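Everything below concerns the one structure shown next.
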Number of protein chains: 4
Amino acid sequence: MTKTRREQAEWRREQLLDAALKVFAAKGVDGASVKDIAEAAGVTPGLLYRYFESKEALVATLLSERGFLPRLRELLTADHRGRPAVAVLTELLGAFDALLADNADLMAVFFSATQARAALAELVGEGQRLIGDFLAARVAEGELRPHDTATAARTLFAAVAVSRRTGSPLDVARLVELLFPHER
Amino acid sequence: MTKTRREQAEWRREQLLDAALKVFAAKGVDGASVKDIAEAAGVTPGLLYRYFESKEALVATLLSERGFLPRLRELLTADHRGRPAVAVLTELLGAFDALLADNADLMAVFFSATQARAALAELVGEGQRLIGDFLAARVAEGELRPHDTATAARTLFAAVAVSRRTGSPLDVARLVELLFPHER
Amino acid sequence: MTKTRREQAEWRREQLLDAALKVFAAKGVDGASVKDIAEAAGVTPGLLYRYFESKEALVATLLSERGFLPRLRELLTADHRGRPAVAVLTELLGAFDALLADNADLMAVFFSATQARAALAELVGEGQRLIGDFLAARVAEGELRPHDTATAARTLFAAVAVSRRTGSPLDVARLVELLFPHER
Amino acid sequence: MTKTRREQAEWRREQLLDAALKVFAAKGVDGASVKDIAEAAGVTPGLLYRYFESKEALVATLLSERGFLPRLRELLTADHRGRPAVAVLTELLGAFDALLADNADLMAVFFSATQARAALAELVGEGQRLIGDFLAARVAEGELRPHDTATAARTLFAAVAVSRRTGSPLDVARLVELLFPHER
DNA sequence: CATGAATGAGGGTTCATTCAT
DNA sequence: AATGAATGAACCCTCATTCAT
């Protein structure tokens, strides 16, 4: 049941990324030392440099490999036709909320890493665009009342994101009801 | 036109806080060194310690003295009776947006300073509560349609805050129109 | 009853020396900061430099002005003829002991200041020589038994000095009795 | 002939202690900087912290590991029966003198380190007690004339210690002859 | 006479990183 | 694959000292 050399290396790499994510989230990228991360992984700082070129590179890898933009995209571009928009929207925002919850540590790193600002902006922009597209399509089909879909998308996105950041839970159904009252 | 010693000291203190705010916002609290701040202020690092006990104390002073919660409260508790709710709301969110713009650096420090989490939560909570109170009052007077005022407040607040954070400008009038369409 | 300018200056100088002596004795010369001394004197560090050129100079002044070698010399060269040697010796060592007690702080500075080594050696050498001269004179007069007066002087001096340094009190009469038993 | 890692570490540790001992003795504990010590060891300051937690800890280690109290005890408690007390005493004080000479640097550190006062007092007290016990035993056996053995012990100890401290060499045989003249 | 704003050097210490083992 | 000895740069902070006020 021993691992092959290749597997062991892959496993260690992931373990280091896990440790880094946890430590970065807790102390901030600048506040966390390589030694902190190594200790969290039960390993020597030197070993880290066999897997990543630098602390900087470790952060970059974390943001690119562990980014949840792919999953967000997948979520928002699934085929929802045939089901009522309001129901879909509620479900969708709920899933988004859950996604953020699952990636709370990563979000913290996003906010902590100076160089992550661009990635964060990209994430937010893409998210808003995808939600906006969904709303526009439903308006075009006459299922939702005509409205400023771009602003609506931004508002919905923001509401979910901020509630995650500040800790107080958000009732997604109420949010949808607020913007689209009594809509079929 | 020379300054008295008292004035000079006061001025220097503010100058150091200004420099710290700028540098902290740009590099993060942990990423910015005392030397960075001193250089931004055109001063020796040692001088900083005549005005603040430590780097930590500098951050704390920044957050407590430069906090904009007082101005936010002032903004939201002003007497708006006699004017249409939608107009007031638009103006109010616009002012809030401007306030955040004016304090963009401070917001960044809030997000960077780990120990500021509590202050941040307080800020957000208070802001949402004040907006919620305003909405509820107007509903009671029959001027706004009955709705979930708490969720609405959170949504409005979030929309403004996130737009500030991500850089893309927000048309506040459109936001209000979205939630309260065609309301007189 | 106000002091003249001259008197005030003299008074302040002495006060600063007092404070320095106390602080140096407590923290060691290197361990004590100019700020420490100024605070002990209820004064600003800057003021210290109106009275002394540097911290270094302050130490030097302390060692030279407050040195007790003059008093020691006076003590040992007084005219003791006509009184029994053993009585004189006892009284003399007792006075020396008291002198060290009075100057405990200064002794501490001696041991703390690297540059004071020479002064300390001088002090010890002179003290031993003076006691030795006294013993030799009394041996010459047949009042004390012939013995190695130089070694005796060193031994007596050492016994008194070490007892001061280690805190346990010394019965001088017993010490004299030990070296010159039953001598008339 | 290369060292194993274990050996190298042990060797480096001792080397750092050696360097520290020398530098502390020369400049005093407060007067010596970590950089001074590192330079004396031909090493970077940072390395010091792999072997000792702090400068303070380095001093403590020096005092506890390099203390010569054990050797002193061994010296004074050896079995000297069957040999004339005066000869033994002479030899013993000579060995004590040599011990202090070997540990001159450590003595200097003792006097420089404020926190070493307790250790110093212990050292002195123990030394005097051991010598006193030896004298008392010999008096009881009738080999030495009855005398105040406690004071004698203190005097002998002090004479040796002070001569070490002030640099002038002491003829131990003369010292013994002084206190116990012509004794068989 | 006395203050306190300001500096430059240096304090002890941590850190990201390298490399022989 | 993993360690840990070693470095050099940077960290936060204190210090002795100066000088305008």
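Computed from a predicted model, the values in this text were never measured in an experiment. Residue numbering restarts at 1 for every chain, and letters A, B, ... go by the order of the sequence lines.
- Closest to the B:K35 side chain, of the nucleotides F:dC11, E:dT21, F:dT17, is F:dC11.
- Nearest nucleotide to the C:K55 side chain, out of F:dC13, F:dT3, F:dT17: F:dT17.
- Between the CG atom of B:D30 and the P atom of E:dA16 there is a distance of 11 Å, given to the nearest Å.
- No engagement by B:A38 is indicated, since no non-hydrogen atom pair under 4.0 Å with the nucleic acid exists.
- Nucleotides of DNA chain E nearest to A:L47 and C:A9 differ in position, and the one nearer the 5' end is that of C:A9.
- Counting heavy atoms from C-beta on, the side chains of B:L21 and B:L17 never come closer than 4.5 Å.
- Counting non-hydrogen atoms under 4.0 angstrom, C:A57 reaches nothing in the nucleic acid.
- Note on C:R66 versus C:D18: salt bridge recorded, some NZ/NE/NH1/NH2 to OD/OE distance being below 4.0 Å.
- Set against E:dA6, E:dT7, F:dA2, the side chain of B:R12 has E:dA6 as its closest nucleotide.
- Listed nucleotides: E:dT17, E:dT3, E:dA16. Nearest to the side chain of A:S33: E:dA16.
- Each of E:dT7, F:dA5, E:dA6 was ranked by its minimum atom distance to the side chain of D:Y51; first place goes to F:dA5.
- A 4.5 Å side-chain heavy-atom check between C:F24 and C:D105 finds every atom pair outside the cut-off.
- The distance between atom CG of C:L48 and atom P of F:dC19, rounded to the nearest whole Å, is 17 Å.
- At a threshold of 4.5 Å between non-hydrogen side-chain atoms, the residues B:Y51 and B:Q15 do not count as touching.
- Listed candidates were F:dT17, E:dA5, E:dT17. Nearest to the side chain of A:V34 is E:dT17.
- Between A:W11 and D:Q8, the residue whose closest nucleotide on DNA chain F is further toward the 5' end is A:W11.
- Rounded to whole Å, the distance from CG on A:D36 to C1' on E:dA16 is 12 Å.
- Across the protein-nucleic acid pair, B:E7 atom CD and F:dT21 atom C1' stand 13 Å apart, rounded to whole Å.
- Residues C:L58 and C:V34 fail the side-chain proximity criterion, which asks for heavy atoms closer than 4.5 Å.
- The listed nucleotides are E:dT13, F:dT17, E:dC1; the one nearest the side chain of D:Y49 is E:dT13.
- Sequence order on DNA chain F of the closest nucleotides to C:G46 and B:P45 puts B:P45 first from the 5' end.
- Aromatic ring orientation, C:F68 versus C:F110: perpendicular (interplanar angle above 60°, classes split at 30° and 60°).
- Spacing between atom CD of C:E39 and atom C1' of F:dC15 amounts to 13 Å, rounded to whole angstrom units.
- Summarising the geometry, atom CG belonging to C:L16 is positioned 9.0 Å from atom CD1 belonging to C:I37; distances are rounded to the nearest 0.5 Å.
- If you measure from atom NZ of A:K27 to atom C1' of E:dC15, you get 13 Å, rounded to the nearest angstrom.
- Distance CD (C:E53) to P (F:dT18): 9 Å, rounded to an integer number of Å.
- In this entry the distance linking CZ of D:R5 with P of F:dA2 reads 14 Å, nearest Å.
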### Query
Which dot-bracket string describes DNA chain F (Watson-Crick N1-N3 plus N6-O4 or O6-N4, or G-U N1-O2 and O6-N3, all under 3.5 Å; [ ] crossing; | other strand)?
.||||||||||||||||||||

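- Minimum atom distance to the side chain of D:R50 is reached by F:dA5, of the listed E:dT13, E:dG8, F:dA5.
- For D:T44, whose side chain is taken as the heavy atoms from C-beta onward, the closest listed nucleotide among F:dC13, E:dG8, F:dT7 is F:dT7.
- In this structure, the side chain of A:T44 does not engage the main chain of A:L47 through any donor-acceptor pair within 3.5 Å.
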